[in-house]
Amino acid sequence: MYVVATAGHVDHGKSALVRALTGMEPDRWAEEKRRGMTLDLGFAWARLPVGEVAFVDVPGHERFVPTMLAGIGPVPAVLFVVAADGGWMPQSTEHLDALDALGVRHGVLAVTRSDLADPGPALAAARERLARTSLGGALPALAVSAATGAGLDELRAALDGMLAALPVPAADEPVRLWVDRAFTIRGSGTVVTGTLGAGTLRVGDELSLDGTPVAVRGLQSLERSVSAIVGTARVAVNLRGLPVSAVGRGAALVTPGAWTFASVLDVAVTAADLPAELTLHAGSAAVPARVRQLGDAAARLTLRRPLPLHVGDRMLLRDPGRHAVAAGVRVLDVDPPPLRRRGAAADRAKLLAGIDAKPDGAAELARRGSIQASRLRAMGVPAPPAAVRAGDWLVDPDQAARWRAALVRAVAEHAAAHPLEHGLPVEAARQRLGLPDARIIAALLALRAEPAPGAPGPVSSAERAPGDGAELVLRDGRIVGAAGVGLPAEIRAGVEAVRADLAGTPFLAPEAYRLAELDLGRRELAAAVRAGALLRVADGIYLLPGADDAAAAVLAGLPQPFTLSEARRALGTTRRVAVPLLELLDARGHTRRGPDDRRTIVAGQD
C-alpha cells in the first residue's frame, strides 16, 4: 500500500480532487459538509496500477495547521494542490515550508479548477516555488478539473509513476505508529488509527503506547480485517488494555525497547536565531519545546513531554504565534550530555557541527567510549561490528585499548603499594578506571589474546608496555599478574632464582634452606603463588606453573600402572617431592590410585 497526503491553501479543491480520484467522501463530519471546508483529517483510497493508494486529506485553513501537520508528518509523499483561479496563497507557502522542513522529496503538483481559469500562470508560479524545496523542480505537474474530470487520468498516471519510485520501507523495522485518531467501538474497545511508515504490525503483538503496555487485539486496513500489515499503510489498531480516555492524537504506538523516549535532544536546524519557545511537530505529535541554540546550525530542545525518537528523525519547529514554520530539524542525539560546566555549550556546538544526522554506530561509539547495545538500538543506531563486547556493553576499540593500558598501570601500582596482597579487586579496578560496568574488566583482559594471522589486534605491539601481553588474569575476584607481573622486585628476583634452579631438574623442588636464602618466606611464597609465578604442590614444596601437566606427560610414558618409586625415578626427584606431587595429580584427575598404591594415568591425559 502507498499513502499520500494532500497539501495546499484552503478552498483550493483538495477534498474535491480526492473525491474525484477515489469516489469516496474524505470529509467525515457534518460540520465539514455544511461549511464545505475540511476541518479535520479525512481518509479515502483507490487502486492504481502500482497498488492500493490511501489519501490523507488535510485542512488548508491557517487555524488548522497543527491538524495538517499531524496528517503529513508520517507520510512519505504529497499531492500538492493549487487552484488555477486562486494562484499561490499564504497557506500554500506554509504547507510547502512544512514539507520542505520535513524533507519530503516525492510528490505531484496538481493545479485544480482548470475549467475556471487558465492554469498556466498558477502552474508556472508553483513550479518555481517547489523547485527551491526538497520536492525539487522535476516533480510531475499538471492541470486538472475535479468538476469536469479533465486531467484526472493523467493525474492518476503521474501518481502511479511517483509512487513506483518511492523507496520500499523495511518490514523488519521497529514499529512507530503516530496516532491521528482514537475512538471506541462498542464490543471492541479502544481503536487508534495512523500511518504505519515501516515495520510490521500483527494481531497479538505486545506494544507500548507512550510507555503503557498494550496488546493488539485486531487490525484493519482500508476497512478490511487483516492478521498483519506492513508499512507503508493506513491502519486501524484495536488495543487491549487501554481506555480511550488515555490516548489521543500525537500518542505513539511503538515496539517496546526499540525507541528512545527523549525529552532532551540535540538537533540540526535549518535556521539560526530561533525563538526560545516553539512547538515541535513530530509525526502527529505537537509538543511545546524550549530551544537553546548551539551555534548557527544546531540546537538543544527540551520538550514538555518525551517522544519516541531515533537519530536521523526529521521534524519541524513552528512558531504558533507567527503562524509560520521556524525551522526544519533532524535529530543528532536523543540522549545528549548535560551542559553544566562553563564552556560546555560552546564545546558541544563544535562537536555537533561535525556530526552527520545519519546513524553511524562506529562514530557514536567513538564519541561515547562505551554504551549498552540495547541503548544504542533504542537510539536507532546500528552496533558497529568492530566494537569490543562485554555482555550488553559495547566499547570503542580505542577506548578499550586506553582502559587496558590504565588497568595494567593500576594493577602494578596496587601491587607496589600492597606487595603481599592478592591482586587488585575487580570493583576497585572498575572505580579506578571509571568503567560503567565491572563486566568490561573481563573484556579488557581478553584483549591481550593474539589476533588471527594477518588481523590487526586491538593494541599494536609497539604500544604494549614491558611485560604487558597476556599477563593479567582474574583470580578469585582480583586481577593479578600471570607470570609474576606486579610482584615486588625482591620477590620477583627470588622467583627467578627458583626458575633457574629448576631449569634442568623441573621436579626437584628447592629445599627449605634454599627458599630462606632467597628471602622467600610463607607470605612471599603465597604472593608468588597468587600471582601465578609458582605452583604450590604442598607445604614447603614449590615448582613452576605447569609442572603438574608436565609431570603427567612424563608419567604417561611409563608402563601402566606404575609405582611411587618408578614415578620418582622418571621425574628425577626425591620422595619428599614425589609423594605430594602424585597426590596433587590424583586430586586434579591426572592419575588414578589403585588399592595396591600403584597409579595409572587417566585416559585422555598425556
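Residue numbers count from 1 along this sequence. Values reported hereafter were calculated over all heavy atoms of this structure, with side chains retained and with hydrogens, waters and symmetry mates removed. Computed from a predicted model, the values in this text were never measured in an experiment.
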### Task
Decide, yes or no, whether a salt bridge links Arg113 with Asp85 under the criterion of side-chain N to carboxylate O below 4.0 Å.
yes
### Message
Is it the case that over 12 heavy atoms from other parts of the model lie below 6.0 angstrom from the CZ atom of Arg340?
### Response
no
### Task
If a pair satisfies ring pair (Phe, Tyr, Trp, His ring centres under 6.0 Å) and one of its residues is in residues 199-240, list it, with sequence neighbours excluded.
none
### Query
side chain to side chain contact (heavy atoms under 4.5 Å, CB included) between Met315 and Val331: does it pass, once the steps are laid out?
CA-CA 8 Å; Met315 303 171 291; Val331 177; 3.3 Å; yes
### Task
Pick out which of Thr270, Leu280, Leu274, Leu316 makes a side-chain contact (heavy atoms from CB on, under 4.5 Å) with Val329.
Leu280
### Arg305 CZ: over 12 foreign heavy atoms closer than 6.0 Å
yes
### Query
How close do Thr200 and Asp205 get, heavy atom to heavy atom, and via which atoms?
O-OD2, 3.9 Å
#### Entry: side chain to side chain donor-acceptor pair (under 3.5 Å) contacts in which one or both residues fall within residues 352-363, not counting sequence neighbours
none
#### Entry: Lys/Arg N to Asp/Glu carboxylate O, Arg368 vs Asp396, below 4.0 Å
no
### Task
Go through the steps to decide whether Leu201 and Leu196 satisfy the test side chain to side chain contact (heavy atoms under 4.5 Å, CB included), and finish with yes or no.
CA-CA 9 Å; Leu201 272 173; Leu196 179 64; 4.3 Å; yes
### Query
With distance as the sole test, does Lys14 use its side chain to make a donor-acceptor pair with the main-chain N or O of His9 at under 3.5 Å?
yes
### Asp172, CG atom: more than 12 neighbouring heavy atoms under 6.0 Å
yes
### Shortest non-hydrogen contact from Leu79 toward Phe55
CD2-CE2, 4.4 Å
### Task
Determine which pairs satisfy side chain to side chain donor-acceptor pair (under 3.5 Å) with at least one residue from residues 227-248, sequence neighbours left out, and list them in order.
Asp180-Arg234, Thr195-Arg234
### Task
Assess whether side chain to side chain contact (heavy atoms under 4.5 Å, CB included) is satisfied between Leu152 and Leu21, documenting all intermediate values.
CA-CA 7 Å; Leu152 289 182; Leu21 288 169; 4.3 Å; yes
### Task
Check for a donor-acceptor pair, side chain of Thr133 on one end and backbone N or O of Leu135 on the other, with a separation under 3.5 Å.
yes
### Query
Partners of Thr93 by side-chain contact (heavy atoms from CB on, under 4.5 Å), sequence neighbours excluded?
Trp88, Asp97, Arg129
### Task
Of all the heavy-atom pairs spanning Ala383 and Leu376, show the shortest one and how long it is.
CA-CD2, 3.8 Å
### Task
Ignoring hydrogens and angles, tell me if any N or O in the side chain of His95 forms a donor-acceptor pair with the backbone of Gly8 under 3.5 Å.
yes
#### Entry: More than 12 heavy atoms of other groups within 6.0 Å of Arg367 CZ
yes
#### Entry: Heavy-atom donor-acceptor pair, Thr184 side chain to Thr190 backbone, under 3.5 Å
no
### Message
Strictly distance-based, threshold 3.5 Å: is any side-chain N or O of Thr279 a donor or acceptor partner for the main-chain N or O of Ala286?
### Response
no
## Note on the structure
On a heavy-atom basis, the closest approach of Gly380 and Pro359 is O-CB, 3.5 Å
### Message
With a 4.5 Å cut-off on side-chain heavy atoms, are Trp45 and Glu223 touching?
### Response
yes
### Message
What verdict does the side chain to side chain contact (heavy atoms under 4.5 Å, CB included) test give for Thr6 and Val78, after you've listed the backbone C-alpha separation in whole Å, the side-chain angles of each residue and the deciding distance to 0.1 Å?
### Response
CA-CA 6 Å; Thr6 62; Val78 64; over 6 Å; no
## Note on the structure
side chain to side chain donor-acceptor pair (under 3.5 Å) pairs touching residues 374-384, sequence neighbours excluded, are Asp335-Arg375, Ser374-Asp392
### Query
What closest approach, in Å, do Ala122 and Ala84 show between heavy atoms, and which atom pair accounts for it?
CB-CA, 4.1 Å
#### Entry: Audit row: Asp313, Arg176, salt bridge (charged side-chain N to carboxylate O under 4.0 Å, His left out) steps and yes/no
CA-CA 12 Å; Asp313 277 345; Arg176 180 177 60 184; 2.8 Å; yes
### Message
Main chain of Gly211, side chain of Ser208: is a donor-acceptor contact present, judged purely on distance under 3.5 Å?
### Response
yes
### Query
Are the side chain of Gln293 and the backbone of Ala272 linked by a donor-acceptor contact shorter than 3.5 Å?
no
### Message
Between Asp160 (side chain only) and Val50 (backbone N and O only), is there a donor and an acceptor less than 3.5 Å apart?
### Response
yes
### Task
Mark yes or no for whether Ser134, through its side chain, and Val104, through its backbone, hold a donor-acceptor pair below 3.5 Å.
yes
### Task
Say whether, by atom type as modelled, one donor and one acceptor occur between the side chain of Ser370 and the main chain of Leu394 under 3.5 angstrom.
no
### Query
According to the ring pair (Phe, Tyr, Trp, His ring centres under 6.0 Å) rule, which pairs have a member within residues 236-274, sequence neighbours left out?
Trp259-His310
### Query
Taking NZ, NE, NH1 and NH2 as the nitrogens, is one of them in Arg348 or Asp333 under 4.0 Å from a carboxylate oxygen of the other?
yes
### Query
How far apart are the closest heavy atoms of Val75 and Ala77, and which atoms are they?
CG1-O, 3.2 Å
### Query
Roughly how far apart are Thr212 OG1 and Leu207 CG, rounded to 0.5 Å?
12.5 Å
